[in-house]
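The block underneath contains the structure these notes are about, expressed in structure tokens.
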Amino acid sequence: MTETVSEESLLQFPCDFPIKVMGKNTEGFAQAIADIVVAHAPDFNPATMEMRLSKENRYLSLTATIRATSKEQLDTLYRALTAHPMVSVVL
């Protein structure tokens, strides 16, 4: 696999890229996010997703580190995550 540098991005692809997703701590949130990430990064292992609860357990922060292959892949994944009704913030 060759590394490429996009003219629109400072990232070199492929690269490991962490994506943080936050939402209310509700049943199914983590699974929904894992499903979206796997749909856009098929080699992502959901078991590696980091989870952190807020101080009062109302919100859940998930960090999924994927092997990003292109800026287009990241853009599409961000759009899918931000469009999901359970998601509050994507970083």
Side-chain angles (χ1 to χ4, degrees):
M1 187 176 260
T2 61
E3 289 187 11
T4 58
V5 178
S6 171
E7 293 175 14
E8 300 175 20
S9 175
L10 298 176
L11 298 173
Q12 285 191 334
F13 296 99
C15 65
D16 290 336
F17 193 87
I19 299 168
K20 184 172 280 201
V21 183
M22 291 172 260
K24 290 197 175 183
N25 183 20
T26 57
E27 187 174 332
F29 176 63
Q31 185 60 54
I33 299 312
D35 291 345
I36 293 170
V37 173
V38 167
H40 295 275
D43 59 342
F44 174 70
N45 178 356
T48 64
M49 190 161 51
E50 297 174 32
M51 299 183 198
R52 288 188 182 83
L53 286 168
S54 66
K55 193 176 197 178
E56 297 187 17
N57 294 336
R58 283 191 241 165
Y59 292 91
L60 181 62
S61 168
L62 305 170
T63 302
T65 302
I66 67 164
R67 187 72 176 159
T69 57
S70 69
K71 182 180 182 313
E72 293 77 24
Q73 177 196 31
L74 290 175
D75 290 345
T76 303
L77 176 54
Y78 269 88
R79 280 192 294 273
L81 289 168
T82 57
H84 195 280
M86 295 173 90
V87 173
S88 300
V89 177
V90 180
L91 301 173

Query raised in the report: Are V37 and V89 joined in one hydrophobic group, where the rule is that I, L, V, M, F, W and Y side chains link up if heavy atoms are under 4.5 Å apart?
Result: no
Query raised in the report: So do the side chains of L74 and L11 get within less than 4.5 Å of each other, counting heavy atoms only?
Result: yes
Report task. Report yes or no: does Y78 contribute a side-chain atom to a donor-acceptor pair with the main-chain N or O of L91 at less than 3.5 Å? Result -> yes
**Report entry** Set of salt bridge (Lys or Arg N to Asp or Glu O under 4.0 Å) partners for R79, sequence neighbours left out
**Finding:** none
Report task. Mind jotting down which residue pairs meet the side-chain hydrogen bond (donor to acceptor under 3.5 Å, both in side chains) criterion with at least one end in residues 28-46? Sequence neighbours excluded, please. Result -> Q31-D35
Query raised in the report: Quick one: side-chain hydrogen bond (donor to acceptor under 3.5 Å, both in side chains) pairs with a partner in residues 81-91, sequence neighbours left out?
Result: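 Checked against side-chain hydrogen bond (donor to acceptor under 3.5 Å, both in side chains) - neighbours excluded - no pair reaches residues 81-91.
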Requested in this report: Linking directly or through intermediates, with side-chain heavy atoms under 4.5 Å: list the remaining ILVMFWY members grouped with Y59, chain and number order.
Outcome: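 Traced through the cluster, Y59 reaches no other member.
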Identify every side-chain donor-acceptor pair in residues 15-30 under 3.5 Å, counting partners at least two apart or on other chains, and give the distances.
{"from": "D16", "atom 1": "OD1", "to": "R67", "atom 2": "NH1", "distance (Å)": "3.2"}
{"from": "N25", "atom 1": "ND2", "to": "N57", "atom 2": "O", "distance (Å)": "3.1"}

For the [atom1] atom of [X] and the [atom2] atom of [Y], what is their distance to the nearest 0.5 Å?
X   : Y   : atom1 : atom2 : answer
K55 : L53 : NZ    : CG    : 14.0 Å
L77 : E72 : CG    : CD    : 13.0 Å
I33 : M49 : CD1   : CE    : 7.5 Å

Report task. Might you work through the side chain to side chain contact (heavy atoms under 4.5 Å, CB included) test for F13 and T69, ending with a clear yes or no? Result -> CA-CA 5 Å; F13 296 99; T69 57; 5.6 Å; no
Requested in this report: Please report the shortest heavy-atom distance between Q73 and A68, naming the atom on each side.
Outcome: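 Looking at all heavy atoms of both residues, the shortest contact is OE1-CA, 3.2 Å.
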